[in-house]
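Step one of this worksheet: look at the structure below.
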Amino acid sequence: MRPRGARLRAGRRWTRATVAAGSVAVLGAFTACSTTAEEGPVDDGVLTIATVENGDILRMQELADQYLADHPDVEIEWVTLPEGELRQRVTTDIATGAGQFDIVMLGAYETTIWGGRDWLVPLDDMPAEYELDDVLPTVREALSLDGSLYALPFYAESSFTMYRTDLFEARGIELPEQPTWDDLLAAAPEISFSSSFTGDPFCLRGKPGWGENTALITAMANSYGGRWFDEEWTPQLDSEAWAQTMATYAGLGTYAGADVAEQGYNENLARFQAGECAIWVDATAAGSFVTDPEVSSVADDVGFAAAPDAGGDRGSNWLWAWALAIPTSSVQQEEARDFIGWATGPEYSELVAAEHGWAHVPPGTRTSLYENPDYLEAAPFAELTLAAIEAADPENPTTEPVPYTGIQYVAVPEFQGMGTAVGQQFTDVLTGDRTPEEALENSQWVTAKIAERIRFIE
């Protein structure tokens, strides 16, 4: 069984009261300390694994049958959910100590926060055959706190630019290896004039959410020199850098189709694969899916370039990892550790390559993968992916000093609600429900309210 939850679509008209309410609603699970779980941890011989729903994870679930064949005493129950619902359920379960899950899939954002609250089992003592030193240092650091590793990466990603080489060549457009946002804005109308192309020039994350459009927006703001807070936790969304970010985001939105407000990562992946858009700035993990002829109608016509910058010394390349972790509430920690070691280790990479080809090996985690000539030949996006991951610096995400870490997010618990509220404001600009000035004013206001709480905690 793969339980799947319904998505809730936020309304587009927000008062300041509802913005504030939405921004703090998610904090309850993080601050819960006296909630009593209805069910405690159970050692029933079944590993219950909560994962996000995407192509790489579904492939891992399929291949897990081979792990189970070698471990006849182990059973697995998969709980596969859309990203937003996964976060809500896992957060509540771990914060309350309910113990429903033995393994949870987390992002880099949650891992260090939860590790700092002693909600996760440290994973520094993996066996020698795991080859922990082979994990890319940038990724390992993103999943560590105070020298302890709290999750093992299933795959890691940065961001880059994907574009239709056939359309660019037909219009005589050359995209630099390191494009700027202005380069993309200049290319979009040229693409729209093509008589042979009926899609949209751009695919854009317009769906509101801290892990959806706000991720792209924050990385974009970094490239313009923007930051969420100064060193005193004073919000900076009323700065010129954020105004430039808004102008670029809204400008790209005019070329992204009428349904842009409904488009997140998964929706844009499907659109790009179907040939419905020509340019897409998003996760490097999409590389294998847009170049796979079995699922992509444009597989032979995809080019790659770095994530755009604004002409300065900061790009918009982010850093993210989907990783597997063990809650301290699990009573099957050794069994969980063994499975995680298999799913994120060298043996699994070889298995994926044998069953599905080297291009489909989960990217971004191991140095040895990027030294493997078979992988480099099969994955035209490999070198750009590695360069983007290694260049990402969560400690110094923008040109000005900041009191937080994180590139496309701010690594504090409050960011889930705050980022989603700001993302909704930007979406409202795309739909014409709010002016850019109103959206930035509201974003500054709600961020200031959250900053008051952060200062109190600090």
Side-chain angles (χ1 to χ4, degrees), residues 157-194 197-207 212-226 241-261 263-265 267-269 271-273 275-284 286-287 290 298 301-318 381 384-385 387-388 391 398 407-408 426-427 429-430 436:
E157 65 183 43
S158 185
S159 52
F160 58 17
T161 304
M162 296 160 276
Y163 65 99
R164 290 277 301 280
T165 55
D166 56 330
L167 297 177
F168 272 66
E169 290 172 3
R171 299 298 298 174
I173 307 170
E174 292 188 12
L175 192 67
E177 292 182 4
Q178 176 56 72
T180 65
W181 294 109
D182 285 343
D183 288 330
L184 301 190
L185 285 168
E190 290 294 321
I191 296 295
S192 67
F193 294 147
S194 175
F197 179 60
T198 59
D200 297 307
F202 218 82
C203 271
L204 182 71
R205 290 197 190 196
K207 180 185 291 185
E212 286 284 6
N213 67 339
T214 305
L216 175 67
I217 291 163
T218 302
M220 185 185 295
N222 293 339
S223 71
Y224 280 108
W242 275 92
Q244 291 176 312
T245 301
M246 173 65 82
T248 297
Y249 184 71
L252 295 173
T254 62
Y255 295 104
D259 295 330
V260 61
Q263 308 301 319
Y265 170 79
E267 292 81 5
N268 282 319
L269 173 59
R271 294 190 69 215
F272 196 92
Q273 289 174 319
E276 295 177 4
C277 60
I279 310 168
W280 185 29
V281 177
D282 216 299
T284 55
V290 299
V298 297
D301 297 309
V302 181
F304 300 94
D309 61 29
D313 62 356
R314 285 293 191 280
S316 59
N317 53 304
W318 63 56
F381 46 83
L384 264 179
T385 296
T398 187
I407 297 177
Q408 74 276 26
F426 274 69
T427 297
V429 173
L430 298 182

- Message: Tell me if a side-chain donor or acceptor on E267 pairs with a main-chain N or O of G264 at a distance below 3.5 Å.
- Response: yes
- Message: Can you tell me how far apart CG (D183) and OH (Y163) are? Round to the nearest 0.5 Å.
- Response: 11.5 Å
- What one should report as the nearest heavy-atom pair of A278 and F197 is N-CZ, 4.0 Å
- Message: Donor-acceptor pair, distance only, cut-off 3.5 Å: does the side chain of T161 make one with the backbone of A306?
- Response: yes
- Any side-chain heavy atom of W318 within less than 4.5 Å of one from T218? no
- Considering non-hydrogen atoms only, spot the tightest contact between G275 and V298 and give its length. CA-CG1, 3.7 Å
- Of all heavy-atom pairs between G225 and A241, which one has the smallest distance, and what is that distance? C-CB, 3.8 Å
- Message: Which heavy atom of M162 sits nearest to which heavy atom of A283, and what is that distance?
- Response: CE-O, 4.0 Å
- Note on the structure: Between N268 and L204, the two heavy atoms sitting closest are ND2-O, 3.1 Å
- Approximate separation, where rounding is to 0.5 Å, of F426 CZ and T245 OG1: 6.5 Å
- Could you give the distance from CG (D200) to CD (Q263), rounded to the nearest 0.5 Å? 9.0 Å
- Quick one: CZ on F272 to CZ on R164, what's the gap to the nearest 0.5 Å? 7.0 Å
- Message: Quick one: does any side-chain atom of R314 pair with a main-chain N or O of T398 as donor and acceptor, under 3.5 Å?
- Response: yes
- Nearest heavy-atom pair of P308 and T180: which atoms, and what distance? CB-C, 3.9 Å
- Taking W280 as the fixed residue, which of F202, Y265, Y255 is the one that meets the ring pair (Phe, Tyr, Trp, His ring centres under 6.0 Å) rule? Y265
- Message: So does A186 get a backbone contact from the side chain of E190, meaning a donor-acceptor N/O pair under 3.5 Å?
- Response: no
- Item | Backbone of Q178 reached by a side-chain donor or acceptor of D309 within 3.5 Å | no
- Please assess W181 against L252 for the test side chain to side chain contact (heavy atoms under 4.5 Å, CB included), listing each intermediate value before the final yes or no. CA-CA 9 Å; W181 294 109; L252 295 173; 3.9 Å; yes
- Query: Hey, what's the ring geometry for F304 with F381, parallel, tilted or perpendicular (30° and 60° as the breaks)?
  - Reply: perpendicular
- T165 side, atom OG1; I173 side, atom CD1 - distance, nearest 0.5 Å: 12.0 Å
- Item | Any donor-acceptor N/O pair, N317 side chain to A388 backbone, under 3.5 Å | yes
- Query: For the atom pair SG (C277) and CG (L167), what is the distance rounded to the nearest 0.5 Å?
  - Reply: 10.0 Å
- Output field: ring centroids W242/Y249 closer than 6.0 Å: no
- Counting N and O atoms only, with roles assigned by atom type, does the side chain of S316 sit under 3.5 Å from a partner on the main chain of A219, one being a donor and the other an acceptor? no
- Task: Mind running side chain to side chain contact (heavy atoms under 4.5 Å, CB included) on L175 and L184 for me, showing each step along the way?
- Result: CA-CA 8 Å; L175 192 67; L184 301 190; 3.8 Å; yes
- Query: Among T427, N213, D282, whose side-chain hydrogen bond (donor to acceptor under 3.5 Å, both in side chains) with R205 holds?
  - Reply: D282
- Task: Determine yes or no for a side-chain-to-main-chain donor-acceptor pair under 3.5 angstrom, with T284 supplying the side chain and F160 the backbone.
- Result: no
- Is a donor on one side and an acceptor on the other found under 3.5 Å between the side chain of S158 and the backbone of T385? no
- Query: Counting only N and O atoms by type, is there a donor-acceptor contact under 3.5 Å from the side chain of S192 to the main-chain atoms of P201?
  - Reply: no
